[in-house]
Amino acid sequence: MAMPTIRHVRAFTVRGGGADYHDQGADHWIDDHISTPMARYPQYRQSRQSFGLNVLGSLVVEIEASDGSVGFAVTTGGEIGAFIVEKHLARFLEGQLVTDIEKMWDQMYYATLYYGRKGIVLNTISGVDLALWDLLAKVRKEPVYQLLGGPVRDELTFYATGARPDLAKQMGFIGGKMPLQHGPAEGEEGLRLNLEKLADMREKVGDEFWLMFDCWMSLDVNYATRLANAAHEYGLKWVEECLSPDDYWGYAQLRKNVPRGMLVTTGEHEATRWGFRLLLEMGCCDIIQPDVGWCGGMTELIKISALADAHNALVVPHGSSVYSYHFVVTRHNSPFAEFLMMAPQADKVVPMFNPLLLDEPVPVNGRMKVPETPGFGVRLNPECNLHRPYQH
Ligand SMILES: C[C@H](O)[C@H](O)CC(=O)C(=O)O
Ligand SMILES: [Mg+2]
């Protein structure tokens, strides 16, 4: 069969949830007094949206092939991402065979190296890359996980991230990761409140259920060490993203400081094989958490994961909905997956990228069989208001 070529690339923005899952309305747990690097400024302590956490919004990349097939993907990136796709990256895609993903990734990465490497440029390359995988799998009429080597297990098992691990337990998840609420700027009182919260949750969920703290880049080595040691008595399974993603040295030190048996996890704001190579070679963590929509896409996650495997590290991708489900089901060193609770009170399961996608699968009793639908198996919700700010 003659492979189709890429005819046209389009980029859209959309607001209100979706891939930019921080872009929520008022009174959502995800914006309610969470410890952040900006919490040192009291005026930015109560709400992450107050310092602009949701400024970007979602980016939708659509790629149309010469046979009429259309692949798409969503990530965090908004208008800046749309500009990069339309004005810079499209040239490396249009006219290429839909199979030539490795070459297209390479050209996108090296052409943007002078202003890229991490952050929004890598989010954008990830979005394009995932749309390419969606397109190729649709052309081949297979789910993406078959292109990745096929499943190594029948279903996925999930832990939940949200404010209510106690409810997550009732919903069948294997663990609950809570946002840490108070950081170093809130002193001893804040530390006491963090530990009280953990103790209360442990009381509610019993001894077996996993409990974790997500510290969202907000601590220093000293505070993180004190938190980890004090949290040990309540059976904290891991401390996540305690430090700035640039502080590889701090992570290496923290990993030595935490109590034996407690895991250090990080990587959701890291990108590319080179970034993860630093984390792995410097012994920064036990579990890396690349976000497939931010780290360079599926093409890069395959490489990152192989590197992690050789370092005996687990890969448990951050969020990223269907894009991580199709990956996790194909890798032995990804034994479980994350589910972000996007209901405002974290009291029910709603699709992670709600309301942007149709057919987005959700865990039932903490488990999921990844659908066999071609591509990533999702459709854009026609009720979402897509905007195309740039055209090439
Ligand atoms: C809850 C965390 O602060 C963040 O919003 C999500 C995250 O880091 C995670 O799911 O991991
Ligand atoms: Mg996290």
Report yes if the side chains of Glu241 and Tyr251 come closer than 4.5 Å at any heavy-atom pair, otherwise no.
-> yes
Counting only heavy atoms not in Gln43, do more than 12 sit closer than 6.0 Å to its CD atom?
-> yes
Separation between CD (Gln46) and CD1 (Ile34), nearest 0.5 Å, reads 10.0 Å
With a 3.5 Å cut-off and no angle check, do the side chains of Tyr248 and Glu281 form a donor-acceptor pair?
-> no
Run through Trp210, Phe336, Tyr325 and flag the one making a ring pair (Phe, Tyr, Trp, His ring centres under 6.0 Å) with Phe158.
-> Tyr325
May I ask you to decide if Pro4's main-chain N or O and Ser66's side chain share a donor-acceptor pair within less than 3.5 Å?
-> no
Taking everything shown except Arg15 itself, do over 12 heavy atoms lie less than 6.0 Å from its CZ?
-> yes
Compare every heavy atom of Val239 with every heavy atom of Ala228, then report the nearest pair and how far apart it is.
-> CB-CG1, 4.5 Å
Candidate pair Thr266 and Cys285, rule side-chain contact (heavy atoms from CB on, under 4.5 Å), full reasoning = CA-CA 7 Å; Thr266 194; Cys285 56; 4.0 Å; yes
So, Asn123 side chain and Gly77 main chain: donor-acceptor pair closer than 3.5 Å or not?
-> no
May I ask you to check whether over 12 heavy atoms, not counting those of Glu196, lie within 6.0 Å of atom CD?
-> yes
Residues Tyr390 and Glu79: side-chain donor-acceptor under 3.5 angstrom | yes
Please step through side-chain contact (heavy atoms from CB on, under 4.5 Å) for the pair Leu254 and Thr225, ending with a clear verdict.
-> CA-CA 6 Å; Leu254 177 63; Thr225 302; 3.7 Å; yes
ILVMFWY network linking Leu56 to Leu89, side-chain heavy atoms under 4.5 angstrom | yes
Return the minimal non-hydrogen interatomic distance between Gly176 and Pro165, and the atom names on each side.
-> CA-CB, 3.9 Å
Is it true that Tyr110 and Phe92 have ring centroids separated by less than 6.0 Å?
-> no
Should Leu263 and Leu227 be regarded as members of a common hydrophobic cluster, given that ILVMFWY residues are connected when their side-chain heavy atoms come within less than 4.5 Å of each other, either directly or indirectly?
-> no
Pairwise side-chain contact, Leu93 with Leu132, heavy-atom cut-off 4.5 Å (strictly under) = yes
Give a yes or no answer on whether the side chain of Ser320 reaches the backbone of Asp291 with a donor-acceptor pair at less than 3.5 Å.
-> no
Would a distance-only check, ignoring hydrogens and angles, find a side-chain to backbone donor-acceptor pair under 3.5 Å from Asp134 to Phe376?
-> yes
Donor-acceptor contact present, side-chain Asn381 to main-chain Pro355, <3.5 Å = yes
For Glu189, does the CD atom sit with more than 12 other heavy atoms under 6.0 Å from it, leaving out its own atoms?
-> yes
Would you confirm whether the ring centroid of His326 sits within less than 6.0 angstrom of the ring centroid of Trp133?
-> no
Mind checking whether Met212 and Tyr159 have side chains closer than 4.5 Å, heavy atoms only?
-> yes
If we ignore angles and hydrogens, is there a donor and acceptor under 3.5 Å between the side chains of Gln181 and His33?
-> no
Step by step, work out the side-chain contact (heavy atoms from CB on, under 4.5 Å) result for Leu180 and Leu219.
-> CA-CA 10 Å; Leu180 190 80; Leu219 310 182; 3.7 Å; yes
Please round to the nearest 0.5 Å and tell me the distance separating atom CG of Asp20 and atom CG of Leu53.
-> 7.0 Å
Going only through I, L, V, M, F, W and Y residues with side-chain contacts under 4.5 Å, is there a path from Leu314 to Leu236?
-> no
Should Ser126 and Tyr323 count as side-chain neighbours, where that means a heavy-atom distance under 4.5 Å?
-> no
Which distance, rounded to the nearest 0.5 Å, do you find between the OG1 of Thr99 and the CG of Leu136?
-> 7.0 Å
If only atom types and distance count, is the side chain of Lys177 paired as donor or acceptor with the main-chain N or O of Ala163 below 3.5 Å?
-> no
Looking only at atom types and distance, does a side-chain atom of Glu86 sit under 3.5 Å from a main-chain N or O of Ala11, one as donor and one as acceptor?
-> yes
Met352 backbone acceptor or donor facing Glu360 side chain under 3.5 Å | yes
Lys/Arg N to Asp/Glu carboxylate O, Glu188 vs Arg192, below 4.0 Å | no
Between the CG atom in Leu156 and the CZ atom in Arg153, the distance rounded to the nearest 0.5 Å is 7.0 Å
Do Leu380 and Phe12 come within less than 4.5 Å of each other through their side chains, counting heavy atoms only?
-> no
Considering only heavy atoms from C-beta outward, does the side chain of Glu62 approach that of Arg388 to under 4.5 Å?
-> no
Inspect the surroundings of CZ in Phe83 and state if more than 12 heavy atoms from other residues, nucleotides or ligands are less than 6.0 Å away.
-> no
Of all heavy-atom pairs linking Asn257 and Asn229, the shortest is O-ND2, 3.6 Å
Closest non-hydrogen contact found for Lys138 with Gly71 is NZ-CA, 4.2 Å
Is the NZ atom of Lys141 crowded by more than 12 outside heavy atoms at less than 6.0 Å?
-> no
Spacing of Leu386 atom CG and Thr13 atom OG1 [to the nearest 0.5 Å] = 8.0 Å
CG/Asp347 to CE/Met171 distance, rounded to the nearest 0.5 angstrom?
-> 6.5 Å
Correct closest heavy-atom pair for Met3 and Val139 would be SD-CG1, 4.1 Å
Going only through I, L, V, M, F, W and Y residues with side-chain contacts under 4.5 Å, is there a path from Tyr21 to Leu357?
-> yes
Non-hydrogen side-chain atoms of Ile6 and Leu135 separated by less than 4.5 Å = yes
Step by step, would you call Met298 with Trp105 a side-chain contact (heavy atoms from CB on, under 4.5 Å)?
-> CA-CA 10 Å; Met298 195 62 82; Trp105 194 98; over 6 Å; no
For Asp106 and Glu102, indicate whether the former's side chain and the latter's backbone hold a donor-acceptor pair under 3.5 Å.
-> no
Heavy-atom closest pair (Glu372 atom, Pro143 atom, distance to 0.1 Å) is O-CD, 3.5 Å
With the side chain counted from C-beta on, respond yes when Arg48 and His22 share a heavy-atom pair under 4.5 Å apart, and no when they do not.
-> yes
Given the options Thr75, Val128, Asp129, Leu130, Val61 meets side chain to side chain contact (heavy atoms under 4.5 Å, CB included) only with Val128
Donor-acceptor pair, side chain of Ser58 and main chain of Ala19, under 3.5 angstrom | yes
Report whether Leu148 and Phe276 are members of the same hydrophobic cluster (ILVMFWY, side-chain heavy atoms less than 4.5 Å apart, transitive linking).
-> yes
